[in-house]
Colleague: 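Please see the structure below; I have some questions.
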Amino acid sequence: MNVSELSEQEVLRRKSLQALKDMGIDPYPAAEYVVTAYSKDIKAEFKDDAPQREVTVAGRIMLRRIMGKASFMELQDSKGRIQIYISRDEICPDENKDMYNVVFKKLLDIGDFVGIKGYVFRTQMGEISVHAQELTVLGKSLRPLPIVKYKDGVAYDSFDDPELRYRQRCVDLVVNDGVKDIFLKRSRIIKSLRDQLDAAGYTEVETPTLQSLAGGAAARPFITHHNTLDVDLYLRIATELYLKRLIVGGFEGVFEIGKNFRNEGMDKTHNPEFTCMELYVQYKDYNWMMNFTEKLLENICIAANGCSETKVGDNVISFKAPYKRISILDAIKEKTGYDLEGKSEDEIRAICKELKMEVEPSMGKGKLIDEIFGEFCEGTFIQPTFITDYPVEMSPLTKMHRSKPGLTERFELMVNGKELANAYSELNDPIDQMERFQEQLRLSQKGDDEAMFIDHDFVRALEYGMPPTSGIGIGIDRLTMLLTGQTTIQEVLFFPQMKPEKKAQAKEETNE
RNA sequence: GACUCAGUAGCUCAGCUGGUAGAGCAACAGACUCUUAAUCUGUGGGUCCAGGGUUCGAUCCCCUGCUGGGUCACCA
């Protein structure tokens with residue numbers, strides 16, 4: 001990079017870096033710096049009448065208030081911030097005052113990492129702080145951070161351009177209060193989920209991400225190429241068909257938490273790669289799965305938020321089990337007044353017309369029902385609600401309903417007007433499965449580019465025999481959104497997908 | 001993909017339908033030994049997203065493109 005391209009402040013910081021080296025101070029020391037305390041804990045554990053506590057803390061300088069021969073700074077470590085008091089004669093007991101006058105006052109900047117050895121005290125204004133006795137440079141920052149100031153919990157000049165925040169998430173995490181908390185909570189959510197599945201005796205597994213056939217869901221896949229085999233491969237759109245093969249193989253329960261990839265649109269609730277948890281348990285049905293799911297989610301909510309409620313926008317959502325259960329046809333009857341039970345495709349099409357919906361001739365009965373639900377019902381279920389018994393046309397991997405013809409043993413869990421989970425009593429009849437795949441093929445030939453392919457290998461697995469099984473998929477990103485009160489998926493992904501930065505790319509190419 | 005809004009200093013933003021740009025914070029120089037959005041004095045910092053067009057003259061008007069936001073469509 002050419003120095004002339006650097007901003008004034010970047011040039012100055014590089015000069016400070018050199019000045020530190022010239023003084024014999026390594027701006028990037030190699031040795032371990034032994035930290036004995038963290039900001040948050042120091043404040044929580046402080047007692048005014050306790051004996052003086054010696055601590056060593058380390059972190060990033062976020063604010064400096066220099067007042068001649070003494071100064072305050074705010075140090076940010078992994079748990080929060082703590083104020084540091086530095087007096088010149090304390091860190092420079094000898095005649096040489098360079099460590100304070102030159103290093104601290106001139107060569108260090110906001111964003112630099114330092115270590116502070118000192119003791120904990122309370123200032124005259126009442127703030128618990130560390131009185132520095134030793135200052136160590138731990139890492140020089142050459143690029144100025146955005147300065148966000150906080151007073152009484154209110155942020156001033158916050159760094160809030162979404163493009164910059166998502167492209168440079170590291171900066172967002174450093175300067176914007178609360179961003180890190182979302183991701184810490186995401187981690188707790190996944191841990192709680194994993195712990196509960198583990199406690200239930202189920203096995204966490206990993207199945208292929210590169211698949212020669214992208215099955216298990218209706219979605220356009222990403223295609224890639226394997227050179228050695230000279231074949232095109234797909235990035236998986238679901239883990240379903242491989243996990244069921246493991247059920248065939250004799251596992252009691254298997255689950256996988258991992259990324260799926262769908263080559264589709266991006267918006268507030270869709271990212272091309274997203275995280276799903278899929279679970280399959282032998283000898284269970286979808287009724288059992290509803291019971292299991294509502295307890296699972298209640299516990300996750302408590303693990304994340306300390307209670308079984310969460311607030312998203314103006315809605316307070318309770319994850320306390322049990323959840324309301326209603327069949328999709330009853331839901332439609334409730335919201336639109338139309339009873340679709342036993343109606344033919346043409347009759348339903350006529351109802352769509354009465355409801356002033358735009359429908360296409362290629363849509364079959366199941367698709368029409370789904371459209372009505374999506375249009376008039378889906379958004380109205382704010383509290384967790386199991387929508388059950390979907391039409392067979394939309395559910396090629398689901399067992400037929402034990403008593404309702406044309407419907408399947410499937411549920412989707414709606415929360416805050418969005419699908420959070422999708423589950424079935426899994427279809428384990430290989431002949432029926434083959435016929436369903438063939439029906440998908442017919443849809444595909446009619447122009448449905450999301451119809452599933454026939455997976456002969458999966459059918460062969462079913463032919464060896466799969467026990468009755470229930471399975472579920474839960475969208476982890478959406479669950480995290482709900483439990484952290486976020487309304488866009490970008491806020492719960494560290495690095496949401498964005499278009500490449502054109503300028504930066506061009507620059508790098510000219511450098512090579 | 002459609003419509004719409006936006007892009008100005010390191011950050012957050014002003015900028016009068018046209019005359020080559022301002023503030024706060026940050027930075028720099030100085031003062032200050034309990035400050036906390038520290039304060040006080042002074043200084044520097046700009047490819048006004050890019051490329052065309054109109055004009056004597058464009059940050060501003062027009063066109064195209066890039067990037068992002070919002071709404072809608074797509075995503076069972």
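Every value quoted in this text rests on a predicted model; they were computed, and no experiment measured them. Throughout, a chain's letter reflects where its sequence line sits, starting with A, and its residues are numbered from 1.
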Colleague: What distance, rounded to whole Å, do you find between the two C1' atoms, one in C11(B) and one in C60(B)?
Modeller: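 Pairwise C1' distance, C11(B) against C60(B), rounds to 24 Å.
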Colleague: Report the distance from atom CE of Met125(A) to atom P of U35(B), rounded to the nearest whole Å.
Modeller: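 Going from CE in Met125(A) over to P in U35(B) covers 6 Å.
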Colleague: In whole angstrom, give the distance that lies between atom CE of Met67(A) and atom C1' of U33(B).
Modeller: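 To the nearest whole Å, that distance equals 6 Å.
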Colleague: Let's test your reading of the model: under 3.5 Å, does the base of U35(B) pair with the side chain of Thr123(A) as donor and acceptor?
Modeller: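 Answer is yes: a donor-acceptor pair is held.
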Colleague: If each of Gly216(A) and Glu74(A) is mapped to the nucleotide of RNA chain B with the nearest heavy atom, which maps nearer the 5' terminus, i.e. the 5' end?
Modeller: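 Upstream on the strand: Glu74(A).
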Colleague: If G57(B) has a Watson-Crick or G-U wobble mate with both distances under 3.5 Å, name it; if not, just say none.
Modeller: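 Paired with G57(B), as far as the under-3.5 Å criterion goes, is no nucleotide at all.
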Colleague: Output all residues satisfying salt bridge (Lys or Arg N to Asp or Glu O under 4.0 Å) with Lys399(A), sequence neighbours left out; order by chain, then residue number.
Modeller: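 Partners of Lys399(A) under the salt bridge (Lys or Arg N to Asp or Glu O under 4.0 Å) test: none.
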Colleague: Pick base, sugar-phosphate or nothing for Arg410(A), based on heavy-atom distances below 4.0 Å to the nucleic acid.
Modeller: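 Answer is base: heavy atoms of Arg410(A) come under 4.0 Å of a base.
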Colleague: State which of U33(B), C28(B), U35(B) makes the closest approach to the side chain of Tyr85(A).
Modeller: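 Closest nucleotide among those given: U33(B).
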Colleague: Give Asp89(A) one of three labels, base, sugar-phosphate or nothing, depending on what nucleic acid heavy atoms sit under 4.0 Å from its own.
Modeller: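 Base, at least one base heavy atom under 4.0 Å.
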Colleague: Looking at every strand, decide which applies to Phe261(A) at a 4.0 Å heavy-atom threshold: base, sugar-phosphate, or nothing.
Modeller: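 It contacts nothing in the nucleic acid.
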Colleague: Any chance OH of Tyr38(A) has more than 12 other-residue heavy atoms, nucleotides or ligands included, within less than 6.0 Å?
Modeller: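 No, OH of Tyr38(A) has 12 or fewer neighbouring heavy atoms, counting only those of other groups under 6.0 Å.
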Colleague: Let me know the distance between CZ of Arg64(A) and P of U36(B), rounded to the nearest Å.
Modeller: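 These atoms are roughly 17 Å apart.
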Colleague: Looking only at side-chain N and O atoms, does Lys106(A) come under 4.0 Å of OP1 or OP2 in A29(B)?
Modeller: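 True: Lys106(A) side-chain N/O within range (under 4.0 Å) of A29(B) OP1/OP2.
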Colleague: When the C1' atoms of C3(B) and C56(B) are compared, how many Å lie between them, rounded to an integer?
Modeller: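 Taking atom C1' in both C56(B) and C3(B), they lie 38 Å apart.
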Colleague: Can Arg410(A) be said to sit on top of Tyr390(A)'s aromatic six-ring, NZ or CZ under 6.0 Å from centre and within 45° of the ring axis?
Modeller: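 Ring-cation test returns yes.
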Colleague: Measure from NZ on Lys105(A) to C1' on C28(B) and round the result to the nearest Å.
Modeller: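 Computing the Lys105(A):NZ to C28(B):C1' distance gives 14 Å.
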Colleague: Does Gln124(A) contact U35(B) through a side-chain donor or acceptor facing the base, at a distance under 3.5 Å?
Modeller: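 It does not, because no donor-acceptor pair links the side chain of Gln124(A) to the base of U35(B) below 3.5 Å.
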Colleague: Got a salt bridge between Lys268(A) and Glu491(A), using NZ or NE/NH1/NH2 to carboxylate O under 4.0 Å?
Modeller: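 Between Glu491(A) and Lys268(A) there is no salt bridge, as every charged N stays at least 4.0 Å from the carboxylate O atoms.
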Colleague: Are there over 12 heavy-atom neighbours, none belonging to Lys418(A), within less than 6.0 Å of that residue's NZ?
Modeller: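 Atom NZ in Lys418(A) is not crowded, with 12 or fewer foreign heavy atoms closer than 6.0 Å.
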Colleague: Taking U39(B) as the reference, what is the distance to C48(B) when you measure between their P atoms (whole Å, please)?
Modeller: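 Pairwise P distance, C48(B) against U39(B), rounds to 32 Å.
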Colleague: What distance, rounded to whole Å, do you find between the two P atoms, one in C28(B) and one in G68(B)?
Modeller: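 Taking atom P in both C28(B) and G68(B), they lie 34 Å apart.
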Colleague: Can you tell me, in whole Å, how much space there is between the C1' of A14(B) and that of G7(B)?
Modeller: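 Here A14(B) and G7(B) have their C1' atoms 15 Å from each other.
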Colleague: Measure NZ/Lys149(A) against P/G24(B) and give the value in whole Å, please.
Modeller: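 To the nearest whole Å, that distance equals 13 Å.
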Colleague: Who does A26(B) pair with, Watson-Crick or G-U, both distances under 3.5 Å?
Modeller: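 Here A26(B) is not engaged in any pair, so there is no nucleotide opposite it.
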Colleague: Would you mind classifying the nucleic acid contact of Phe121(A) as base, sugar-phosphate or nothing, using non-hydrogen atoms under 4.0 angstrom?
Modeller: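 It contacts base atoms.
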Colleague: Find the distance Asp157(A):CG to A37(B):P and express it as a whole number of Å.
Modeller: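 Going from Asp157(A) (CG) to A37(B) (P), I get 14 Å.
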Colleague: Quick one: salt bridge (Lys or Arg N to Asp or Glu O under 4.0 Å) partners of Arg88(A), sequence neighbours excluded?
Modeller: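 So Arg88(A) forms no salt bridge (Lys or Arg N to Asp or Glu O under 4.0 Å) with any residue.
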Colleague: Could you tell me whether Leu63(A) contacts a base, only the sugar-phosphate backbone, or nothing, with contacts defined as non-hydrogen atoms closer than 4.0 Å?
Modeller: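 Contact class for Leu63(A): sugar-phosphate only.
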Colleague: Rounding to an integer number of angstrom, what distance separates G42(B) and G46(B) when you compare their P atoms?
Modeller: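 Going atom to atom, P in each nucleotide, I get 22 Å.
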Colleague: Take atom NZ of Lys117(A) as the centre, draw a 6.0 Å sphere, and report whether it contains more than 12 heavy atoms from other residues, nucleotides or ligands.
Modeller: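 Count not over threshold, so no.
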Colleague: From G70(B), A37(B), A29(B), pick the nucleotide closest to the side chain of Thr488(A)?
Modeller: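 Among G70(B), A37(B), A29(B), the one nearest the side chain of Thr488(A) is G70(B).
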Colleague: Answer with base, sugar-phosphate or nothing: what part of the nucleic acid does Asp161(A) contact at a heavy-atom distance below 4.0 Å?
Modeller: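 Answer is sugar-phosphate: Asp161(A) comes under 4.0 Å of backbone atoms only.
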Colleague: Check whether any side-chain N or O of Arg65(A) sits under 4.0 Å from OP1 or OP2 of U35(B), and answer yes or no.
Modeller: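 Checking U35(B) against Arg65(A), no side-chain N or O comes under 4.0 Å of OP1 or OP2.
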Colleague: Would you say Arg167(A) reaches U67(B)'s phosphate, i.e. side-chain N/O to OP1/OP2 under 4.0 Å?
Modeller: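 Indeed not, no polar side-chain atom of Arg167(A) lies that close.
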Colleague: Taking atom C1' of C72(B) as reference, at what distance in whole Å does atom NZ of Lys268(A) sit?
Modeller: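 Interatomic distance, NZ of Lys268(A) to C1' of C72(B): 12 Å.
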Colleague: Give none if U35(B) has no partner; otherwise give the nucleotide forming a Watson-Crick or G-U wobble pair with it, both distances under 3.5 Å.
Modeller: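 Checking every strand shown, U35(B) finds no partner, since no pair has both distances under 3.5 Å.
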Colleague: Paired with A50(B): which nucleotide, if any, by Watson-Crick or G-U wobble criteria at under 3.5 Å for both distances?
Modeller: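 Its partner is U64(B).
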Colleague: P atom, G57(B) versus C72(B): distance in rounded Å?
Modeller: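 My reading of the P atoms in G57(B) and C72(B) gives 45 Å.
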Colleague: U33(B), U36(B), C28(B): which one has an atom nearest the side-chain heavy atoms of Gln83(A)?
Modeller: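 Output: U36(B).
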Colleague: Name the pairing partner of G44(B), where a pair is Watson-Crick or G-U wobble with both distances under 3.5 Å, or state none.
Modeller: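 When the pairing criteria are applied, nothing turns out to pair with G44(B), so the answer is none.
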Colleague: Mapping Glu8(A) and Ser158(A) onto RNA chain B by nearest heavy atom, which one lands closer to the 5' end?
Modeller: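 Final value for this comparison: Ser158(A).
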Colleague: Against Lys365(A), only a single residue in Lys343(A), Glu393(A), Met394(A), Arg349(A) fulfils side-chain contact (heavy atoms from CB on, under 4.5 Å); can you say which?
Modeller: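 Single pass found, and it is Glu393(A).
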Colleague: Roughly how far apart, to the nearest Å, are C32(B) and U36(B) at atom C1'?
Modeller: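 Taking atom C1' in both C32(B) and U36(B), they lie 16 Å apart.
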Colleague: If G1(B) has a Watson-Crick or G-U wobble mate with both distances under 3.5 Å, name it; if not, just say none.
Modeller: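 Partner of G1(B): C72(B).
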Colleague: With the side chain of Leu164(A) defined as its heavy atoms from C-beta on, choose the nearest nucleotide among C11(B), U35(B), U33(B).
Modeller: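 It is C11(B).
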Colleague: In this structure, how many angstroms lie between the P atom of U36(B) and the CZ atom of Arg122(A), rounded?
Modeller: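 Checked: the CZ to P distance equals 17 Å.
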Colleague: NA contact type, Tyr150(A), heavy-atom cut-off 4.0 Å: base, sugar-phosphate, or nothing?
Modeller: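 It contacts sugar-phosphate atoms only.
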Colleague: Have a look at U20(B) and give me syn or anti from its glycosidic angle (syn if within 90° of zero).
Modeller: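 Here U20(B) takes the syn form, which means its glycosidic angle is within 90° of 0.
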Colleague: How is Phe159(A) classified with respect to the nucleic acid when contacts are heavy atoms under 4.0 Å: base, sugar-phosphate, or nothing?
Modeller: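 The residue Phe159(A) makes sugar-phosphate contact but no base contact.
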Colleague: Should Lys79(A) and Asp41(A) be marked as a salt bridge (Lys or Arg N to Asp or Glu O under 4.0 Å) after you check the CA-CA gap, both sets of side-chain angles, and the distance that decides it?
Modeller: CA-CA 8 Å; Lys79(A) 295 194 177 180; Asp41(A) 306 332; 3.1 Å; yes
